[in-house]
**Student:** 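Provided herewith is a single structure, encoded as structure tokens, for subsequent inquiry.
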2 protein chains.
Amino acid sequence: MSMEFLWGARAQPTRGPKPSLTLLQITDAAIAVADAEGLAAVSMQRVSAELGFTKMSLYRYLPGKGELVALMAERAIGTPPPPNPGDWGAALREWAHGLLTAYLRHPWALEATVGPRPLGPHELGWLECALTALADTGLSGSERLDAIAVLAGHVRMIAQQAAAMRDPDAQFSAGVVAVLAEHGDRFPLLAATMAAVAVEGGQDQAFEFGLDRILDGLQTLIASRRKALR
Amino acid sequence: MSMEFLWGARAQPTRGPKPSLTLLQITDAAIAVADAEGLAAVSMQRVSAELGFTKMSLYRYLPGKGELVALMAERAIGTPPPPNPGDWGAALREWAHGLLTAYLRHPWALEATVGPRPLGPHELGWLECALTALADTGLSGSERLDAIAVLAGHVRMIAQQAAAMRDPDAQFSAGVVAVLAEHGDRFPLLAATMAAVAVEGGQDQAFEFGLDRILDGLQTLIASRRKALR
DNA sequence: TGAAACAGTGTCCGGTGGACACAATTAGGG
DNA sequence: CCCTAATTGTGTCCACCGGACACTGTTTCA
């Protein structure tokens, strides 16, 4: 998975037959497969068949599958929302919402962006966008990066949870409830909490809840920093 | 990946040859491989070879690879720290530290616990432990679960970051710096921030930073709830 | 009009998870 | 006491995966 591939301008050659495909076509076909059947269904075979070619032809456009997945992720994550000058809290809110929307639209993007990997332009664009929001907060450089990391981590966690809910089998709550029916005595608080949640209803506020807590915590820090400066 | 497998008491049969292996032996062998070479190196072939058997023999003990990974994850995550009555903040701090320690000790446990999956006893034990800490906070059931989710998400994000740093190739900062040297003009704030961080030094506070922010945010909410009750 | 560069195909390889039939082993019941 | 039934471990087979490589055809520049 070379870094140059995501960033380098691939100068098209002049000699030889015209390529029948485009990186964009290939990436879109792969994304279509992933949207419909998940990232596991994306194989060189499958993607090339979707385009009417053999799998080895794809290697004329891509060094390997890793680069394909990286391109898919870049395209899925898209471009960040326009900067919202002034209110850093509202800007980060919008940022987190946008990121979550992208992850919800392409749930496989979560799997495609785990672990050490070369970062693409879009991904750095999101980073830059969040840094713009934090520009006038008085935080240090590493604090800003850490704050963004916390937010991004929350967004990813929520997106994972949402994907788990969408999955027909292995329903989280159903599975836990079934287990608690048998071994509830080993987890009394959990059993009580699940029962309480079932009565309360409206438990889809997880994203906003965490977002509020994190932004509140940041607000506390930023306020104290500003007071110290004065 | 059946739920019963992680929870059910597998009654041993009486007739037939004595089994040469144990689920525990198999799991430990797989964990040893994963610790040394990552989760990708864990295959039925590899694990069985490590034990001196053929791969198909493992299927006498496990329905499939999914169950093996689930057992590995359960064993890697271990048991939660003892409850710390009184101070919910300190208890959650300890909880998060313990979880992070487990993830740092077995980095592959991150990959092994993504996506919808049956939750094992240990995993529910950690949940129960965190709920114990939140028992007297006046939060609602879903709020407690959401708070735990935010914390767990932060721990996982930090562990992922640490694993990415450990990885010799695809060094995050090095790769970003290299890209910024070329395209820094497209990401001015990011370039400036990276430069500032390099001067500041000591950027390993990401975990504590996020933990502080989240706990601060929770503190704000809990205080307001208590004031409202009074 | 070559010759060089490039596109797409076919074949092969080692690896994966897993189904299935089989021989070997063991314990319980007649 | 022995035989039958249950269970273990093995060997073979399959489909699929990512990828290396040689090859044929096509296109364009010198």
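If you're wondering where the values come from, they're calculated on a predicted model, not measured in any experiment. Protein chains get the first letters and strands the later ones, always in sequence-line order, with residue 1 at the start of each.
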**Student:** With a cut-off of less than 4.0 Å, is there a side-chain N or O of A:Ser43 near OP1 or OP2 of D:dC17?
**Tutor:**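 Yes, such a contact exists.
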**Student:** Scan B:Ser57 against the nucleic acid and name what it touches under 4.0 Å (heavy atoms): base, sugar-phosphate only, or nothing.
**Tutor:**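 Base, at least one base atom sits under 4.0 Å.
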**Student:** Between B:Trp95 and B:Trp126, what is the ring plane arrangement, given parallel below 30°, perpendicular above 60°, and tilted in between?
**Tutor:**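 Correct class here is perpendicular.
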**Student:** What class does the angle between the rings of B:His97 and B:Phe207 fall in, given that below 30° is parallel, 30 to 60° is tilted and above 60° is perpendicular?
**Tutor:**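 It falls in the perpendicular class, over 60°.
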**Student:** In whole angstrom, give the distance that lies between atom CG of B:Leu21 and atom P of D:dT10.
**Tutor:**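 So the CG-P distance, B:Leu21 to D:dT10, works out to 9 Å.
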**Student:** Find the distance B:Ile26:CD1 to D:dG9:C1' and express it as a whole number of Å.
**Tutor:**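 Interatomic distance, CD1 of B:Ile26 to C1' of D:dG9: 12 Å.
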**Student:** Let me know, please, whether B:Tyr59 or A:Leu58 comes out on the 5' side of the other along DNA chain C by nearest nucleotide.
**Tutor:**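 Result of the comparison: A:Leu58.
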**Student:** With nearest nucleotides of DNA chain D determined for B:Gly52 and A:Arg46 from heavy-atom distances, which residue corresponds to the more 5′ nucleotide?
**Tutor:**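 Its nearest nucleotide being more 5', the pick is B:Gly52.
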**Student:** B:Lys65 has an atom NZ; how far is it from atom P of C:dA19, in whole Å?
**Tutor:**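 Value for this atom pair: 15 Å.
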**Student:** Which part of the nucleic acid, if any, lies within contact of A:Met56, taking any heavy atom under 4.0 Å across all strands shown: a base, the sugar-phosphate backbone alone, or nothing?
**Tutor:**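 Base contact - A:Met56 has a heavy atom under 4.0 Å of at least one base atom.
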**Student:** List, with names and distances, any nitrogen or oxygen atoms from the protein found under 3.5 Å away from nitrogen or oxygen atoms belonging to nucleotides 1-8 of chain D.
**Tutor:**
unit_1 : atom_1 : unit_2  : atom_2 : d
D:dA5  : O4'    : B:Arg15 : NH2    : 3.4

**Student:** Measure the distance from CZ on B:Phe53 to P on D:dT10 and round it to the nearest whole Å.
**Tutor:**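 Result: 6 Å.
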**Student:** Measure NZ/A:Lys55 against P/C:dC13 and give the value in whole Å, please.
**Tutor:**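 Computing the A:Lys55:NZ to C:dC13:P distance gives 14 Å.
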**Student:** Using a strict cut-off of less than 4.0 Å between a Lys/Arg side-chain nitrogen and an Asp/Glu carboxylate oxygen, indicate whether A:Arg186 and B:Glu128 qualify as a salt bridge.
**Tutor:**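 Not counted as a salt bridge, because no side-chain N and carboxylate O are separated by less than 4.0 Å.
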**Student:** Atom CG of B:Leu68 and atom P of C:dT16: how far apart are they, to the nearest Å?
**Tutor:**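 My rounded result for the distance is 14 Å.
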**Student:** How many whole angstroms separate atom CG of A:Leu51 from atom C1' of C:dA7?
**Tutor:**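 Roughly 15 Å, once rounded to whole Å.
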**Student:** Per the salt bridge (charged side-chain N to carboxylate O under 4.0 Å, His left out) rule, what does the pair list look like for residues 152-162 of chain B, sequence neighbours excluded?
**Tutor:**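 Qualifying pairs: none.
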**Student:** Is the shortest distance from a Lys or Arg side-chain nitrogen in A:Asp28 or A:Arg75 to a carboxylate oxygen in the other one below 4.0 Å?
**Tutor:**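 Yes, this pair counts.
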**Student:** Just the rounded figure in Å: distance from C1' of D:dT10 to CD of B:Gln45.
**Tutor:**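 These atoms are roughly 13 Å apart.
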**Student:** Any donor-acceptor pair under 3.5 Å linking the side chain of A:Trp108 with the backbone of A:Val42?
**Tutor:**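 No, the answer is negative, given that no donor and acceptor are paired below the 3.5 Å cut-off.
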**Student:** For B:Glu123, is there any backbone N or O sitting under 3.5 Å from a side-chain donor or acceptor partner on B:Glu74?
**Tutor:**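 Yes, B:Glu74 side chain to B:Glu123 backbone: donor-acceptor pair under 3.5 Å.
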